[in-house]
There are 2 protein chains.
Amino acid sequence: MSLTNGRKSILDVFLSSKTALTHQDIESKCSNQFDRVTIYRTLQTFIDKGLIHTIPSTDSNIRYALCNEACLGSGHHHDNHVHFKCERCGDTICLDEVTVPVVKLPSGYSLREINMVVSGTCRSCKK
Amino acid sequence: MSLTNGRKSILDVFLSSKTALTHQDIESKCSNQFDRVTIYRTLQTFIDKGLIHTIPSTDSNIRYALCNEACLGSGHHHDNHVHFKCERCGDTICLDEVTVPVVKLPSGYSLREINMVVSGTCRSCKK
DNA sequence: TCAAATATGCAACTTTGTTGCAAAATACTT
DNA sequence: AAGTATTTTGCAACAAAGTTGCATATTTGA
């Protein structure tokens with residue numbers, strides 16, 4: 001994977017952000033220095049390489065966040081932490097210390113990945 | 001809430017579908033009889049009235065499904081079942097019989113809703 | 001049946017995401 | 001370090017998704 005300015009900047013943006021980011025967030029945090037298309041492609045590349053993961057949402061605003069060690073470890077990629085979306089400030093964060101509980105599916109179903117998004121009020125907003 | 005043809009048809013589409021539906025699905029199942037805008041507005045109305053709920057996803061394809069009794073009961077709306085997305089056929093369904101397990105959040109966070117989406121292979125695809 | 005309230009369709013628009021292609025940047029070879 | 005092959009980028013053009021205002025049509029309720 002080539003190390004380009006765009007990729008370095010986008011990675012920096014992730015490294016310096018405590019919250020998960022939308023495409024739009026990234027675009028503006030890069031001061032619109034890069035083409036939209038480049039950002040789309042870079043995000044896809046980062047996902048393919050296992051650097052970031054996507055966080056599902058109901059507002060058609062997919063968010064991306066850096067993967068941590070647990071995420072990358074043990075052969076194949078596996079996101080096993082809970083995501084939290086604050087309804088007040090709108091921020092989404094990875095709760096790395098909260099593990100997704102196992103669920104038992106009805107017979108006949110096979111499980112590959114579990115995604116859990118909790119919404120409520122975050123620490124800073126609750127104060 | 002007025003009982004209009006559009007609303008009746010869209011409700012029928014949901015009643016006769018075993019899977020969750022995207023906006024697009026609904027549009028074509030109604031044989032494009034209704035304007036896109038009408039469908040957007042009807043879906044929003046159904047959500048507001050607690051008739052349907054949204055299922056988060058990472059593919060910017062929000063899906064909608066009917067709420068069941070559990071979903072509607074006890075004062076305020078609360079979706080507490082697991083959603084399953086089959087990676088082979090692409091269908092998303094509500095696993096009404098699988099309850100979302102409780103998670104303990106770090107102190108300072110308050111929880112309002114949990115959304116769990118499991119992906120893997122469904123019963124019919126596994127056969 | 002009629003008036004008030006509500007819902008619909010249309011047009012126009014914004015935002016989001018995709019694709020092909022030429023130019024630019026990066027990596028690789030010697 | 002130079003030159004070539006490979007990869008990445010930006011641009012243009014497009015497709016799809018979602019929103020808003022407004023006039024018309026449909027429902028509701030008196």
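Throughout, protein chains are lettered first and strands after them, A, B, ... in sequence-line order, and every chain is numbered starting at 1.
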Side-chain heavy-atom pair [X], [Y] within 4.5 angstrom cut-off:
X: A:K126; Y: B:S110; value: yes
X: B:T42; Y: B:L11; value: no
X: B:K29; Y: B:Q24; value: no

Looking only at the side chain of B:R7 (C-beta and beyond, no hydrogens), which of the listed nucleotides C:dA7, C:dT8, D:dG10 gets closest?
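The answer is C:dA7, which lies nearest to the side chain.
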Consider the side chain of B:L3, meaning its heavy atoms from C-beta on, and name the nucleotide among D:dC22, C:dT26, D:dT28 that approaches it most closely.
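Nearest nucleotide to the side chain: D:dT28.
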If you compare all heavy atoms of A:L21 against all heavy atoms of A:D25, which two are closest, and at what distance to 0.1 Å?
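So the two residues come closest at CA-OD2, 3.6 Å.
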Where B:C94 and B:A65 come nearest, the two heavy atoms and their spacing
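Minimum heavy-atom contact is SG-CB, 3.7 Å.
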Rounding to a whole Å, what distance do you find between [X]:[atom1] and [N]:[atom2]?
X: B:R41; N: D:dT20; atom1: CZ; atom2: C1'; result: 8 Å
X: B:Q33; N: D:dA25; atom1: CD; atom2: P; result: 18 Å
X: A:E27; N: C:dT14; atom1: CD; atom2: C1'; result: 14 Å
X: B:M1; N: D:dT28; atom1: CE; atom2: P; result: 11 Å
X: A:D35; N: D:dA13; atom1: CG; atom2: P; result: 14 Å
X: B:Q44; N: C:dT8; atom1: CD; atom2: C1'; result: 17 Å
X: B:D48; N: C:dT6; atom1: CG; atom2: P; result: 14 Å
X: B:D25; N: D:dA16; atom1: CG; atom2: C1'; result: 15 Å

Can you give me the N/O atom pairs linking the protein to nucleotides 17-19 of chain D at distances under 3.5 Å, or say none if there are none?
from	atom 1	to	atom 2	distance (Å)
D:dG18	OP2	B:Y40	OH	3.0
D:dG18	N7	B:R36	NH1	3.2
D:dG18	N7	B:R36	NH2	2.9
D:dG18	O6	B:R36	NH2	3.1

Are the side chain of A:S16 and the backbone of A:D12 linked by a donor-acceptor contact shorter than 3.5 Å?
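Confirmed, A:S16 side chain pairs with A:D12 backbone.
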5'-most by nearest nucleotide on DNA chain D - A:S2 or B:T4:
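With A:S2 and B:T4 compared, the 5'-side residue is A:S2.
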What do you reckon, are the aromatic ring centroids of B:Y40 and B:H23 less than 6.0 Å apart?
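Between B:Y40 and B:H23, the centre distance is under 6.0 Å.
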